[in-house]
There are 2 protein chains.
Amino acid sequence: MAGIPIRSPADIGALIRDRRKALGLDQAALASKVGVSRLWINQVEQGKPGANLGLVLRTLATLDIALSIAPQKDVKSDDAVTAPDIDAVIDAARERREP
Amino acid sequence: MAGIPIRSPADIGALIRDRRKALGLDQAALASKVGVSRLWINQVEQGKPGANLGLVLRTLATLDIALSIAPQKDVKSDDAVTAPDIDAVIDAARERREP
DNA sequence: TTTGAGTGTAAGCGATGGCATACAATTCAG
DNA sequence: CTGAATTGTATGCCATCGCTTACACTCAAA
């Protein structure tokens, strides 16, 4: 249930849209509550990649959506975790970026 | 563990910084892996509110951090959930914005 | 102390975001 | 079907982002 991963601006957009509709708000109403323009809500819901992080977080807060961390791999917080592991992890992450 | 809430750009910044250090990377190394400037990483870690959403998500992905939803209140997805409840929720959220 | 890596800050520039306004397209009640 | 509400798109302006370059600050190792 809480396992929906947020990977892209489009994910955020879909999330916002779904929640907005679930609350019975239209774009204009949400916009005024968040303090942005209706156009901005519209574009963000469509996955605008360059959207302002702070405004997005405010929008989520307004919709009572709480983001949290779903740790994928943990790190031995003990001693030096240097190169080898990390590069593999990061390469995998990079590939996942734009398939 | 997975309950750390993400509310503000500063939260994102702290998250990125902690994870970067846990992975033994410096700002420059992370920047080049993400494909942004070192300066940008620096500012985001300090909580830059206007940061580019897409770049932030790419940074999180590079660090293998997965965001997910922690639903606060659910909505009777049945019929119209209109004004009363919502406004209270939203007002509270607004107040939380800039105290 | 000195040296160096890592980090924080500044100035200027090109690119882009967010805005208002206006107008199509779509959806939905009547 | 008609008309209103909601959503999508276009244009232009101004503010701000992200970049490069450059330099100061901190701190740990030599």
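Given the structure is predicted, the values throughout are model-derived calculations rather than measurements. Throughout, protein chains are lettered first and strands after them, A, B, ... in sequence-line order, and every chain is numbered starting at 1.
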Between [X] ([atom1]) and [N] ([atom2]), how many Å, whole number?
X: B:Gln46; N: C:dA10; atom1: CD; atom2: P; answer: 10 Å
X: A:Leu53; N: D:dT16; atom1: CG; atom2: C1'; answer: 15 Å
X: A:Asp26; N: D:dT6; atom1: CG; atom2: P; answer: 5 Å
X: A:Asn42; N: C:dA25; atom1: CG; atom2: P; answer: 16 Å
X: A:Leu30; N: D:dG8; atom1: CG; atom2: P; answer: 13 Å
X: B:Glu45; N: C:dG6; atom1: CD; atom2: P; answer: 14 Å
X: B:Leu23; N: C:dG6; atom1: CG; atom2: C1'; answer: 17 Å
X: A:Leu25; N: D:dT6; atom1: CG; atom2: P; answer: 11 Å

Is A:Lys48 near enough to C:dG18 that one of its side-chain N or O atoms lies under 4.0 angstrom from OP1 or OP2?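 Looking at the OP1 and OP2 atoms of C:dG18, one of them is under 4.0 Å from a side-chain N or O of A:Lys48.
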Are B:Arg17 and C:dG6 close enough that a side-chain N or O sits under 4.0 Å from OP1 or OP2?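 No, B:Arg17 has no side-chain N/O under 4.0 Å of OP1/OP2 on C:dG6.
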Between B:Asn52 and B:Gln27, which residue's closest nucleotide on DNA chain C lies nearer the 5′ terminus?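 With B:Gln27 and B:Asn52 compared, the 5'-side residue is B:Gln27.
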Base, sugar-phosphate, or nothing for A:Ala51, non-hydrogen atoms under 4.0 angstrom?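 If one applies the 4.0 Å heavy-atom cut-off, A:Ala51 turns out to touch the sugar-phosphate alone, with no base involved.
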May I ask you to test the A:Leu53-B:Asn52 pair for a side-chain heavy-atom distance under 4.5 Å?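 With C-beta onward as the side chain, the pair stays apart.
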Tabulate protein N/O versus nucleotide N/O from nucleotides 19-22 of chain C, keeping only pairs under 3.5 Å, one per line.
{"from": "C:dC19", "atom 1": "OP1", "to": "A:Ser37", "atom 2": "N", "distance (Å)": "3.4"}
{"from": "C:dC19", "atom 1": "OP2", "to": "A:Ser37", "atom 2": "N", "distance (Å)": "3.3"}
{"from": "C:dC19", "atom 1": "OP2", "to": "A:Ser37", "atom 2": "OG", "distance (Å)": "2.7"}

Mind listing the closest non-hydrogen atom pair of [X] and [Y] along with its distance?
X: B:Gly54; Y: A:Pro9; answer: CA-CG, 3.9 Å
X: B:Asp11; Y: B:Ile6; answer: OD2-C, 3.9 Å
X: B:Asp64; Y: B:Arg19; answer: O-NH2, 3.9 Å
X: B:Ser8; Y: A:Leu57; answer: C-CD1, 3.3 Å
X: A:Trp40; Y: A:Val56; answer: CH2-N, 3.8 Å

What do the steps show when you test A:Arg38 against A:Asp26 for side chain to side chain contact (heavy atoms under 4.5 Å, CB included), and what is the final call? CA-CA 9 Å; A:Arg38 180 186 69 84; A:Asp26 62 19; over 6 Å; no
